[in-house]
Amino acid sequence: MAYVARSNSPRVVSIGFHAGARVPAHVVGPGTVLMAALPDEALQAWVAAHPFAGFSAGTVTAPEVSLAQVRAARGQRGLGPQRAATAGKPESRAPSAAGASIGA
């Protein structure tokens with residue numbers, strides 16, 4: 001993932017990725033959304049070729065868990081809280097199709 005733009009928050013402290021930052025797609029919510037748009041064949045090929053390295057304490061490093069999150073995102077019309085790769089947010093969850101959380 002490469003962030004090309006960022007909407008800044010009016011908060012005093014803003015945590016997030018700056019424009020131009022690169023981060024593995026499996027560690028951020030927008031990566032899950034973009035992977036959800038891939039056809040199954042392309043998604044499987046990406047997962048097979050991708051190293052699922054840890055980025056934070058809450059990073060999903062199991063390909064099968066990441067695939068479950070991507071498939072759950074396919075059924076969503078809007079996105080709720082996503083798993084976070086940023087420090088201090090490892091407890092975030094990705095929504096499942098049934099409304100339960102998939103652990104990050």
Side-chain angles (χ1 to χ4, degrees):
M1 291 282 312
Y3 285 82
V4 296
R6 178 159 193 257
S7 174
N8 290 322
S9 168
R11 297 181 201 135
V12 174
V13 177
S14 181
I15 298 173
F17 295 103
H18 63 278
R22 292 182 175 271
V23 62
H26 76 280
V27 303
V28 292
T32 300
V33 172
L34 291 175
M35 289 188 294
L38 291 173
D40 264 341
E41 185 176 294
L43 177 61
Q44 292 288 348
W46 185 87
V47 168
H50 182 71
F52 281 79
F55 191 76
S56 73
T59 301
V60 172
T61 56
E64 62 277 1
V65 174
S66 185
L67 275 172
Q69 291 176 334
V70 169
R71 290 186 175 126
R74 286 178 174 167
Q76 301 295 311
R77 294 193 63 105
L79 295 174
Q82 295 295 307
R83 59 191 155 79
T86 56
K89 296 280 186 187
E91 71 283 354
S92 295
R93 302 284 186 235
S96 73
S101 298
I102 299 172

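Worth saying up front: this structure is predicted, and the values here are computed from it rather than measured. All values below come from the heavy atoms of this structure, side chains included, with hydrogens, waters and symmetry mates left out.
Within a 6.0 Å radius of CD in E64, more than 12 heavy atoms belonging to other residues, nucleotides or ligands are found.
Looking at every heavy atom in both residues, V47 comes nearest to P63 through CG1-CB, 3.7 Å.
In terms of modelled atom types and a separation under 3.5 Å, the side chain of S56 and the main chain of G58 share a donor-acceptor contact.
The side chain to side chain contact (heavy atoms under 4.5 Å, CB included) test applied to A42 returns L38, P39, not counting sequence neighbours. Considering only residues two or more places apart in sequence or on other chains, P24 meets the side chain to side chain contact (heavy atoms under 4.5 Å, CB included) condition with H26, V27, H50, F55.
A heavy-atom distance below 4.5 Å is not found between the side chains of M35 and L67. Side-chain contact check for F52 versus T59: every heavy-atom pair is 4.5 Å or farther apart.
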Audit row: V28, Y3, side-chain contact (heavy atoms from CB on, under 4.5 Å) steps and yes/no:
CA-CA 11 Å; V28 292; Y3 285 82; 3.7 Å; yes

